[in-house]
Structure formats: structure tokens, C-alpha cells
*Asks:* 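Below is the structure I would like to discuss, written out as C-alpha cells.
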There are 2 protein chains.
Amino acid sequence: MAMVSIKDVAAYAGVSPGTVSNVLNRPGKVAPATRERVEAAISELGFVRHGSASTLRAGHSRTIGLSVIDIGNPFFTEVAAGVEDVASELGYAVILGNSAGSQDKEERNLRVLAEHRVRGVLITPSGEDPARLDRLRGHGISVVLVDHPAHRPDQCAVAVDDVAGGRAAVAHLLARGARSLAYVTGPLTIRQCVERREGAKAAMRAAGLDPEELRVAETATMTARAGEQAAAGLIAEGLPEAVFCANDLLALGVLRALLRSGVRVPEDVALMGYDDIDFAAASAVSLSSMRQPTYQLGRIATELLLDECDNPDTHAHQHIMFQPELIARESTQ
Amino acid sequence: MAMVSIKDVAAYAGVSPGTVSNVLNRPGKVAPATRERVEAAISELGFVRHGSASTLRAGHSRTIGLSVIDIGNPFFTEVAAGVEDVASELGYAVILGNSAGSQDKEERNLRVLAEHRVRGVLITPSGEDPARLDRLRGHGISVVLVDHPAHRPDQCAVAVDDVAGGRAAVAHLLARGARSLAYVTGPLTIRQCVERREGAKAAMRAAGLDPEELRVAETATMTARAGEQAAAGLIAEGLPEAVFCANDLLALGVLRALLRSGVRVPEDVALMGYDDIDFAAASAVSLSSMRQPTYQLGRIATELLLDECDNPDTHAHQHIMFQPELIARESTQ
DNA sequence: CGCCGGAAGTAAAACGTTCTACACCGAGGA
DNA sequence: TCCTCGGTGTAGAACGTTTTACTTCCGGCG
């Protein structure tokens with residue numbers, strides 16, 4: 001409980017509080033002898049700076065927010081790892097928000113971030129409502145979109161081309177000879193799900209198929225369990241020759257349900273996931289998938305954000321778009 | 001940039017700042033008519049409370065810290081989901097720290113948490129150094145241990161019995177007839193790894209085997225990749241009849257390497273993991289594992305922590321110990 | 001009629017930093 | 001001798017809340 005403040009340190013070292021603050025923030029400005037005395041006082045008294053006071057006075061904190069759609073998804077976990085690494089290298093703390101796909105929860109999380117006066121926010125939005133993010137920027141909080149293209153030019157964004165990904169995935173399935181296709185997807189309020197579907201339709205069109213023939217099974221969450229349920233539905237209605245899933249979690253669920261029902265993959269049904277999470281290669285039938293530079297997504301987004309915060313005048317907003325890579329494995333052999 | 005403060009709201013609503021603060025914190029204390037006027041002002045001006053100022057004055061924040069060993073491990077992800085859910089229900093924000101197994105990184109993270117004057121910290125320590133945690137408590141920050149028994153009586157802890165888990169796992173392997181065993185483990189600085197090994201040895205002793213015969217392969221990180229390397233080592237030195245891994249990530253790596261080398265699981269080698277992550281059931285050969293109440297671990301730890309913070313006088317410290325559950329699948333059939 | 005007491009609201013002092021403006025000092029140039 | 005000028009350091013005013021002590025008002029009671 002012995003809260004030791006900058007004043008105590010100052011008294012102990014025989015200097016003024018301002019000098020202690022200088023030692024903390026611009027050590028160059030203070031003479032070596034005094035600096036050492038102050039540093040000794042700091043460690044002897046076990047002083048730790050009160051971040052809130054500092055934030056209050058300085059007007060900004062060394063904290064950023066990260067808002068993701070599903071922290072249970074290894075895709076986001078890896079993004080988070082990239083974010084955390086960069087942030088901690090530069091001495092920033094990360095406040096984590098999990099929207100779990102709910103716009104309400106996302107809203108609540110953003111509010112918390114705004115109250116904390118975070119320096120900036122990294123967000124994979126769970127819906128299309130730029131207004132909400134603009135409000136943050138109104139409070140002087142920079143926003144970088146992760147795995148989502150920019151809403152506006154004066155904003156950084158790091159994304160992956162989901163239309164191209166969907167197209168490549170389905171083109172691959174069609175090249176294998178599949179003619180009837182199902183798309184198992186999360187909520188179509190999520191942009192990624194929509195764009196991957198558009199890519200899939202484009203591939204069908206390119207192959208001379210009617211894109212309206214694509215059977216779409218929409219689930220409420222993008223989890224393995226939801227995938228299992230979707231697969232049960234497909235089985236009940238009659239299986240297509242190939243199934244494309246909007247992410248690997250869904251695909252693993254579909255795979256599990258199919259195998260359990262005695263359906264052979266890929267002989268009876270070819271299967272593709274998306275994200276190429278680590279576990280895709282290790283599943284019962286190893287899963288073909290679209291690989292994305294996940295960790296890099298997190299790293300680069302964070303670097304952009306912190307550059308925007310720390311060097312506001314030289315900072316140039318960037319819209320980065322990666323291309324996903326097709327990884328063919330047993331499930332589409 | 002138009003930072004609107006409590007003063008602006010007060011002026012707009014024709015009251016004093018104190019009254020606005022009352023509306024915010026104890027709405028009961030202010031007359032309905034004024035309250036409405038203030039609330040209208042708040043929403044019209046788009047006021048959002050400055051958390052740091054509030055923390056500074058009130059002496060404590062509505063933020064907790066979560067420090068885990070590996071955010072890439074689904075085990076911790078699920079713990080984090082439990083934490084996040086409870087915290088956000090009670091209006092707390094969560095600052096995430098990933099120690100990545102490094103004590104230095106953990107130290108840095110704890111420092112950041114201390115600077116933020118978080119209300120409390122949930123931590124799965126990556127080493128045995130209670131002093132560090134005691135220092136936090138010295139700053140008035142409550143600490144609850146997650147997946148780790150208490151260091152001291154006046155402290156909450158939520159753990160799972162790892163000795164019993166190791167024993168059950170190995171007893172299961174022995175019951176299948178295995179006589180030569182290997183234990184693939186993460187760093188033996190991690191308590192869980194040590195205790196699971198002790199459990200394993202106890203099971204061997206109980207079966208009349210010499211516990212010193214247990215071959216221990218220690219890896220630097222607890223990832224699938226490390227598991228693959230460990231398996232390569234085992235193959236080179238001659239395979240045992242059964243392999244017990246300190247977690248599922250390692251086990252999935254071992255499995256992948258074994259299958260790639262043409263070793264049959266479970267016919268040639270039986271394999272057990274630990275944690276029963278979702279993917280264990282979906283792997284090439286479904287993985288036997290020890291299930292732990294992961295999400296509950298996070299939930300309960302957070303509830304204990306926030307109870308300790310919000311009701312310090314009625315709060316009773318608890319040491320909760322769960323028992324893990326054996327899940328037998330193909331890999332030990 | 002005077003007084004008491006509760007309800008509603010206010011003024012002003014904190015909280016621990018950071019930052020701006022200023023003071024001091026000794027050296028070097030005019 | 002006087003002035004200026006870096007180099008160091010200090011005093012004190014912020015920052016936006018919360019909170020304590022106080023005022024005001026009004027109804028009711030002796």
C-alpha cells in the first residue's frame with residue numbers, strides 16, 4: 001500500500017519532481033551525476049510510475065486496443081501474437097477485446113477502449129459500420145483495420161484479398177472435377193464471408209457454371225461445432241461433390257461430421273478450408289486451405305498504427321493487400 | 001479532437017461538475033429531473049469519461065491483467081475467453097500479456113500492469129518466483145493464480161491436479177500393455193510439466209516399473225513444431241511403446257512426425273496428449289488426452305479476483321483444485 | 001414563529017504526473 | 001566590467017475526475 005510517488009523519489013534524491021520526470025522521460029536532459037542519484041532513489045524506493053497520471057497529463061497513453069471477432073480462432077490468435085510482439089517491443093500494452101461476432105459486444109469494447117484513451121485501435125470489424133470507428137477517430141484515437149480493407153483514404157488498413165482467395169479455392173475444387181458445390185459460411189454480415197462467396201461465384205462463372213447453383217449454408221458462429229451442424233444439414237439434403245468453407249474451423253467440423261457419417265473425403269466429397277491454421281495439416285484427412293500471412297498481418301498493422309501515433313507528421317497512410325496462397329492437401333487430392 | 005469533459009457537460013446542462021459525476025457514479029443521489037438533463041447533455045455532446053483521470057482520483061482502475069504462457073495454445077485461449085466473458089460482464093477491461101515462456105517477458109508485462117495500476121492480475125506463472133508476485137501485492141494489486149496452486153494462504157488460486165493427471169494418463173498407457181515409455185515435455189521450469197512427470201513416475205511405480213526408466217525429452221517450447229523435433233529424436237534413438245506428451249500441441253507434433261515416418265499409431269506406438277483441446281479429437285489419429293475445465297478455470301479465477309477487489313472485507317480466499325478427466329480415443333485404442 | 005433535518009446541489013481540494021516558463025551559474029566574448 | 005549563452009534545475013500550473021465539506025432550500029414540528 002506504500003504508494004511511492006515521484007515526489008517521494010524527488011525528496012529522497014534531493015531534487016525536484018520535475019527532474020525525476022526528466023530522468024524518466026528524457027534522460028539526456030539531466031546531468032549524469034544527478035541522473036544516477038535519481039535512478040538509485042527509484043530502485044531503492046521501488047517506485048513505479050503511475051500510468052494514469054501520466055496519461056492524464058500527457059493526453060495520451062502507451063496502450064493500444066485490439067478488437068477481434070473470435071479469440072478462439074487460431075487465425076486471430078496468431079494475429080494477436082504479431083500485435084503483442086510489436087507492441088511489447090515498443091513498450092506498449094495491449095487491451096484485448098473479443099467481439100465474439102456480436103456488434104453489441106464490439107460496441108461495448110470500443111467504449112472501454114475510448115474510456116482508456118488508448119493511443120490507437122486495431123480492429124477486425126464484425127460488421128460494416130464505419131460511423132462507429134469514425135467516432136473513435138473523433139476522440140483522437142487512430143484506427144487501423146486488420147484483415148479488412150480501408151473505409152476511407154486517410155486510414156491504414158492491412159487486408160488479404162478474399163475475393164481472390166474464394167476464387168482460387170473454388171477454381172481448385174472445380175479443376176478436380178467437382179460440379180456441384182456448397183459454401184459453408186459464417187454470418188453474411190461478416191465481410192470476409194461475403195467476399196469469399198463472391199470469389200467462389202466468380203470461379204463458377206469462369207468455369208461456365210451458374211453461380212446461383214452454389215448452395216450456401218450460413219451458420220451463426222464460425223466454429224467447428226457450427227461446421228458439424230452445417231454438414232449434418234448438407235447430408236440430409238444430399239451431398240454436393242465439393243464443399244468450400246469460409247474458415248478452417250468450420251471445415252474441420254464439416255470433416256468430422258462427414259467422416260462420422262461414413263462419407264469419404266476426398267473420394268465422395270472434396271473439402272477446402274480457409275486460413276491454413278496449424279491444425280489444418282494435422283487433421284484426420286489433412287485439409288486443403290488458403291494460407292494467409294497471419295502473424296505478419298498483426299505485426300504490420302501494429303507497426304503502421306504505432307508509426308501513425310509516434311510520427312504523426314511523417315506518417316503516410318497505407319492500404320496493404322496481401323494475396324492468399326493455395327495449399328493443396330489430402331482433402332482435395 | 002474536441003475532447004469534451006465533465007465540465008462541458010456540466011455547463012451544457014446548467015449544473016456543477018460534481019453533479020455530473022454523481023449522475024455517472026451514483027445516479028440515485030440526484031433528482032430525476034436533473035439526472036435526465038445531464039444524461040441528455042452527455043449523449044448530445046458525445047461525452048466519454050476519461051478513465052485515467054478517474055483512476056488517478058479514485059485510486060484504482062476497472063482493468064485487470066491477464067498474463068499467460070502461450071496465447072497460441074488453445075488451452076490458454078479458452079482460459080482467456082472465460083476471463084474476458086466475466087470481466088466484460090462486470091465492466092472490466094482486460095490487458096493481455098503473453099510471456100511466451102520467458103521470465104523476462106513476464107517481468108516486463110507485470111511491470112506494464114503495475115504501471116497501469118490494474119485492479120488485479122490473473123497469472124499462470126512461467127516460473128516459480130513468488131517474490132515477483134508479492135511485489136505486485138505490495139502495490140495493492142490482487143493476484144489470482146490460474147492453473148497453478150497458491151503460493152500462500154492469503155491468495156486465491158484455481159488449479160488442476162497435474163500429478164493426478166500424469167498418473168492417470170500413464171496408468172492408461174500401462175493398462176494397454178505398454179512397458180517402455182517416453183515423456184515429451186516443455187521446459188522443466190514449468191511446474192505443470194514437472195508435476196505431470198511426477199504423476200507419470202508414480203503410475204510406473206504403482207505398476208512395478210522403475211520410474212527412472214521413463215525417457216524424458218525436454219523441448220524449449222510447447223508447440224507442435226517442438227513435438228515434431230522431439231519425435232524425430234525418439235525415432236533416432238529407438239521408439240518406446242508409448243509416448244505421453246505434456247500437452248496436446250506437442251502430441252500433435254509427435255503424431256505428425258510419427259505418421260510421416262510410417263510409424264503406426266496406436267499399433268506401433270500409443271500416444272497421449274494433455275489438455276484435450278478441440279483439435280485433439282479431429283487429428284489424423286484422434287488423440288487421447290486429459291481434459292481440463294479450461295473455460296471454467298478462466299471464469300472462476302476472474303470471479304474470485306473481482307470478488308476480492310469489489311468486496312475486500314467479505315472476500316474469502318479460496319484454493320480450488322479440479323480433477324482432470326481421461327478421454328480415451330484412437331491413439332491409445 | 002423559530003428551529004431542525006433531510007434532500008439536492010455546489011465549490012474546491014485532492015490524485016501523480018508532465019510541461020512551460022523561469023532562475024541560476026559559470027564561462028567566454030566584447 | 002558587462003552581457004550573453006548554454007547547461008541544469010526548479011516552481012507551479014495544468015490534465016479531468018472524485019470527494020469532502022459546505023450551502024441552500026423547504027417542509028414539518030414543537
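Heavy atoms only: backbone and side chains are in, while hydrogens, waters and symmetry mates are out. Bear in mind that the values here come from a model prediction, so they are computed numbers and not experimental data. Residue numbers begin at 1 in each chain, while the letters A, B, ... track the order of the sequences.
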*Asks:* May I ask you to evaluate whether A:T34 reaches the phosphate of D:dT8, defined as a side-chain N or O under 4.0 Å from OP1 or OP2?
*Replies:* no
*Asks:* Taking A:D8 for its side chain and A:S5 for its backbone only, find out whether a donor-acceptor pair lies under 3.5 Å.
*Replies:* yes
*Asks:* Please state how far atom CZ in B:R35 lies from atom P in C:dG9, giving the value in whole angstrom units.
*Replies:* 10 Å
*Asks:* Does a side-chain heavy-atom distance below 4.5 Å link B:I69 with B:F75?
*Replies:* no
*Asks:* At less than 4.0 Å, is any side-chain N or O atom of A:R26 found next to OP1 or OP2 of C:dC19? Yes or no.
*Replies:* yes
*Asks:* Taking side chain as C-beta onward, heavy atoms only, is B:T63 less than 4.5 Å from B:V94?
*Replies:* no
*Asks:* In terms of side-chain heavy atoms of A:K7, which of C:dT10, D:dG16, C:dT17 is nearest?
*Replies:* C:dT17
*Asks:* Between B:V15 and A:A58, just flag the one whose closest nucleotide in DNA chain C comes earlier from the 5' side.
*Replies:* B:V15
*Asks:* Specify the separation, in whole Å, of atom CE of B:M3 and atom P of D:dC15.
*Replies:* 13 Å
*Asks:* Give a yes/no on whether any side-chain N or O of A:S21 is located under 4.0 angstrom from OP1 or OP2 of C:dT18.
*Replies:* yes
*Asks:* Do the side chain of A:R57 and the base of C:dT18 come within less than 3.5 angstrom through a donor-acceptor pair of N or O atoms?
*Replies:* yes
*Asks:* Remember a base hit wins even if backbone is also touched, and classify B:V20 as base, sugar-phosphate or nothing at under 4.0 Å, heavy atoms.
*Replies:* nothing
*Asks:* For A:K29, does its backbone N or O pair with a side-chain atom of A:R35 as donor and acceptor, under 3.5 Å?
*Replies:* no
*Asks:* Take the C1' atoms of the five end pairs on each side of the helix from C:dC1-D:dG30 to C:dA30-D:dT1, derive the two axes, and give their angle rounded to 10 degrees.
*Replies:* 70°
*Asks:* Starting at NZ of B:K29 and ending at C1' of C:dG6, how long is that distance when rounded to a whole Å?
*Replies:* 11 Å
*Asks:* Could you tell me the separation between the CD atom of B:E36 and the P atom of C:dA8, rounded to a whole number of Å?
*Replies:* 14 Å
*Asks:* Checking A:H50 side chain against A:S52 main chain: does a donor-acceptor pair fall under 3.5 Å?
*Replies:* yes
*Asks:* What is the distance, rounded to the nearest whole Å, between atom CD1 of A:I42 and atom P of C:dG16?
*Replies:* 16 Å
*Asks:* D:dT10 phosphate, OP1 or OP2: any side-chain N/O from A:T19 under 4.0 angstrom?
*Replies:* yes
*Asks:* Do the non-hydrogen side-chain atoms of A:R49 and A:S54 ever get within less than 4.5 Å of each other?
*Replies:* yes
*Asks:* Let me know the distance between NE2 of A:H60 and P of C:dT17, rounded to the nearest Å.
*Replies:* 16 Å
*Asks:* To the nearest Å, give me how far apart CG (A:N25) and C1' (C:dT18) are.
*Replies:* 7 Å
*Asks:* Find the distance A:H50:NE2 to C:dC15:C1' and express it as a whole number of Å.
*Replies:* 7 Å
*Asks:* Under 4.0 Å between a side-chain N/O of B:S52 and OP1 or OP2 of D:dC15, yes or no?
*Replies:* no
*Asks:* So, does A:N22 get its side chain near the phosphate of C:dT18, meaning an N or O under 4.0 Å from OP1 or OP2?
*Replies:* no
*Asks:* Is it the case that atom CZ in B:R111 sees more than 12 heavy atoms from other parts of the structure closer than 6.0 Å?
*Replies:* no
*Asks:* Quick one: is A:S54 getting a side-chain N or O under 4.0 Å of the C:dT17 phosphate, OP1 or OP2?
*Replies:* no
*Asks:* I'd like to know if B:E89 and B:R299 make a salt bridge, using a cut-off of under 4.0 Å between side-chain N and carboxylate O.
*Replies:* yes
*Asks:* Quick check for you: among C:dA8, C:dG16, D:dT17, whose closest atom lies nearest to any side-chain atom of B:A31?
*Replies:* C:dA8
